[in-house]
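Chain A is the first sequence line, chain B the second, and so forth, proteins listed ahead of strands; every chain is numbered from 1. What you see below is based on every heavy atom in this structure, not just the backbone, and it leaves out hydrogens, waters and symmetry mates.
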Amino acid sequence: MEKEKKIKPSKELPSGFEDRQEKELLIRDFVISNIKEVMIKYGFQYLETPSFEYTESIGKFLPDKDRPGEGVFSFKDENKWLSLRYDLTAPLARYVAKNFNEIPKPFKRYQLGTVWRNEKPGPGRYREFLQFDADYVGTKNLQADAELCILISEILEKCGLGKADYIVKISSRKFTDKLFEQLKIKSKDQISIILRALDKIDRLGWSEAQKLLGEGRKDKSGDYTKGANLKNEQIKIIENALKSDVPDSEDVLEIIKIFEAYNFKNYKFDPSVIRGLEYYTGPIFEVNLNFDVKNLKGQTIQFGSIGGGGRYDNLVSNFGNLDCPATGISIGLDRLVFALMQKKDFKIKSTRPVVICVFDQNKTKQYIDILNKLRSTNISSEIYPGEGKLKKQMEYANKIESPCAIFYGEDEIKKAEVKLRNLKTGEELSVKVENLIDEIKKII
RNA sequence: GCACGGGUAGCUCAGUUGGUUAGAGCAGCGGUUUGUGGAACCGAAGGUCGACAGUUCGAAUCUGUCCCCGUGUACCA
């Protein structure tokens, strides 16, 4: 007889997926409620679209291969490829195209939702995360772009960040377009290599990014990345353009004017903001945090941006609805929450129940009477839900950080009293049952 | 994808040049206390040493392949 192999299911999570606990979720809820308040104030509509879309509707992937390109989670349903959305902008474009005649123009909507990316996770980068997205569809008015930056900063400040804690960086695709014209660079491949190199200045520094503009760069691990093969003169021109404080881009100048009218000052023109995305056509923005963020091991990490966006005047027209300019911004909520959790002055109390200890299984009725008194006044409470001795019950109450344990045993029942034990101080007091609510409110 | 580092108890890790029955701390369980948590002490339990193959009298330890995790780098619509 062969020994049967025990099959142990894995207790590990798929790479890039995380369990999220109450501490984090409560801060996330707080952030979300701030977002909703601000969005209502700015006049945006709330929208939800499904997690899955037809692959062809949200990406540039052609279903001519066995599987759609990497980067999205996909499966074949009947004969059609479906994918989990990788952002909220592509589904919005699809929604607008589908409901083009019904929606108001301009159309302002905001959305909160989980998005998925099938790529290698890194520190602070997951394969499943919550995004917030606000967009203006059907307007070329740059006031829309300006308001997006302003509303993001209002959300951040509502969440407890100060002006020194964050900055909104803006630039424009038009700025780089002009630059390429000046440099007489027309090759799309070369342009995208250059844009990617510029995007890395933040992380690698100019001297390393410069190598990517030239021949190429070898990183610490020995991996080699080919560069854009620019001549030294061309690199010099780029370097000088990046240093300019005065944006050589009309749209950016216009937005800055609007910022001034709104008295919004927490922005900075930064030509190295690229966002790597192909679909941006005009102004682009990025939101960066200015305080140190530490990882779980306590090391300070380069946190990068928590969000960004820009103008994408062609996205909707891909679906055949012509002339539908749009601009939008999104925030990675989990990243923001992670950063907020590290601000010392940031605390949200979680509510833990009062625990009614069980002395005698036959007295359940009496315990429930007490429980009902508490719950009818909305006091978080429970009868000890396990089975075990008092010691075990106290250990449980301690572990869940209950503020108070209630003893209602034989002695107390006889005297129509309950004994309250304050679990923070260890103090105990006996009170008449009819005074229970008043007394317990003093403890919790 | 490429490079480097890891995988030993529920968790964090130790394990000498290959050598009997693989260790510790914490958590959990039982007890000291059958009505009192956060402290202490005592006890028992807990392992296919990531998987498979190879070398060897003998492998957690050496070799190969694969899987998974982490970090850097690339890609990211």
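Note: OH (A/Y396) to C1' (B/G28) measures 17 Å, nearest angstrom. Here the P atom of nucleotide B/G35 and the OH atom of A/Y367 are 11 Å apart, to the nearest Å. Rounded to whole Å, atom C1' of B/A74 lies 13 Å from atom CG of A/D199. In this structure, A/K226 atom NZ and B/U73 atom C1' are separated by 16 Å, rounded to whole Å. Note: CG (A/L390) to C1' (B/U34) measures 10 Å, nearest angstrom. Atom CZ in A/R127 sits about 10 Å away from atom P in B/C68, given to the nearest Å. Rounded to an integer number of Å, the gap from A/R352 CZ to B/G38 P is 19 Å. The interatomic distance linking A/K392 (NZ) with B/U32 (C1') rounds to 18 Å, in whole Å.
The partner of B/U73, taking Watson-Crick or G-U wobble pairs whose two distances both stay under 3.5 Å, is B/G1. In this structure B/U61 sits in no base pair that meets the Watson-Crick or G-U test at under 3.5 Å. Pairing of B/A24, defined by two Watson-Crick or G-U wobble distances under 3.5 Å, is identified with B/U12. Pair assignment for B/U32 gives B/A40, based on Watson-Crick or G-U wobble hydrogen-bonding distances that are each under 3.5 Å. As the counterpart of B/U48, no nucleotide is assigned, since no Watson-Crick or G-U wobble pattern has both distances under 3.5 Å.
Residue A/R117 places none of its side-chain N or O atoms closer than 4.0 Å to OP1 or OP2 of B/C75. For B/C75, one of the phosphate oxygens OP1 or OP2 lies less than 4.0 angstrom from a side-chain nitrogen or oxygen of A/R196. At least one side-chain nitrogen or oxygen of A/R203 sits closer than 4.0 Å to the OP1 or OP2 atom of B/U73.
With hydrogens and angles ignored, no donor-acceptor pair under 3.5 angstrom links the side chain of A/Q393 to the base of B/U36. Side-chain atoms of A/K120 come within donor-acceptor range of the base of B/G72, with a qualifying N/O pair under 3.5 Å.
Taken to the nearest 0.5 Å, the CG atom of A/L213 stands 12.0 Å off from the NZ atom of A/K236.
Within a 6.0 Å sphere centred on NZ of A/K108, heavy atoms belonging to other residues, nucleotides or ligands number more than 12.
With RNA chain B read from its 5' end, the first of the two nearest nucleotides for A/N398 and A/G16 is the one closest to A/N398. Between A/E119 and A/K389, the residue whose closest nucleotide on RNA chain B is further toward the 5' end is A/K389.
Straight-line distance between the P atoms of B/A60 and B/U48: roughly 13 Å, to the nearest whole Å. B/A51 sits 13 Å from B/G7 when the P atoms are compared, rounded to a whole Å. On the C1' atoms, B/G5 is 23 Å away from B/C52, given to the nearest whole Å. Here the separation of B/U17 from B/A9, taken at their P atoms, is 23 Å to the nearest Å. Across B/G37 and B/A27, the matching P atoms stand 16 Å from one another, rounded to whole Å. Separation of the P atoms belonging to B/C26 and B/C41 is 8 Å when rounded to the nearest angstrom. For the C1' atoms, the distance linking B/A44 with B/G35 amounts to 27 Å, nearest Å. B/A74 and B/U55 are spaced 39 Å apart, taking the C1' atom of each and rounding to whole Å.
Within the nucleic acid shown, A/R125 comes within 4.0 Å of at least one base atom, counting heavy atoms only. Nucleic acid contact for A/K200: sugar-phosphate only, since backbone atoms but no base atoms lie under 4.0 Å from a heavy atom of the residue. Using a 4.0 Å heavy-atom distance criterion, A/S402 is classed as making no nucleic acid contact.
Side chain of A/S15, nearest nucleotide from B/G37, B/C69, B/A74: B/C69. With B/G38, B/G35, B/U73 as the candidates, the nucleotide lying closest to the side chain of A/F359 is B/G35.
Remark: A/R275 fails to qualify as a cation-pi partner of A/Y312 under the 6.0 Å distance and 45° angle criteria applied to the six-membered ring.
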Checking salt bridge (charged side-chain N to carboxylate O under 4.0 Å, His left out) for the pair A/D202/A/K169: CA distance, chi angles, key distance, verdict?
CA-CA 12 Å; A/D202 247 10; A/K169 295 179 176 177; 3.3 Å; yes
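Qualifying ring-ring contact (aromatic ring centres under 6.0 Å, His included) partners for A/F129, counting only residues two or more places apart in sequence or in other chains: none.
Ring centroids of A/F100 and A/F319 are separated by 6.0 Å or more, keeping the two rings apart. Aromatic ring centres of A/Y136 and A/F44 lie closer together than 6.0 Å.
Counted by atom type alone, A/S430 and A/E412 present zero donor-acceptor pairs between their side chains at under 3.5 Å. No side-chain N or O of A/N314 forms a donor-acceptor pair with one of A/T281 less than 3.5 Å apart.
The stretch residues 406-419 of chain A touches RNA chain B through A/F407, A/G409, A/E410, A/D411, A/E412, A/K419, each having a heavy atom within less than 4.0 Å of the strand.
The aromatic rings of A/F52 and A/F75 lie perpendicular to each other, with more than 60° between the two planes, well past the 30° mark.
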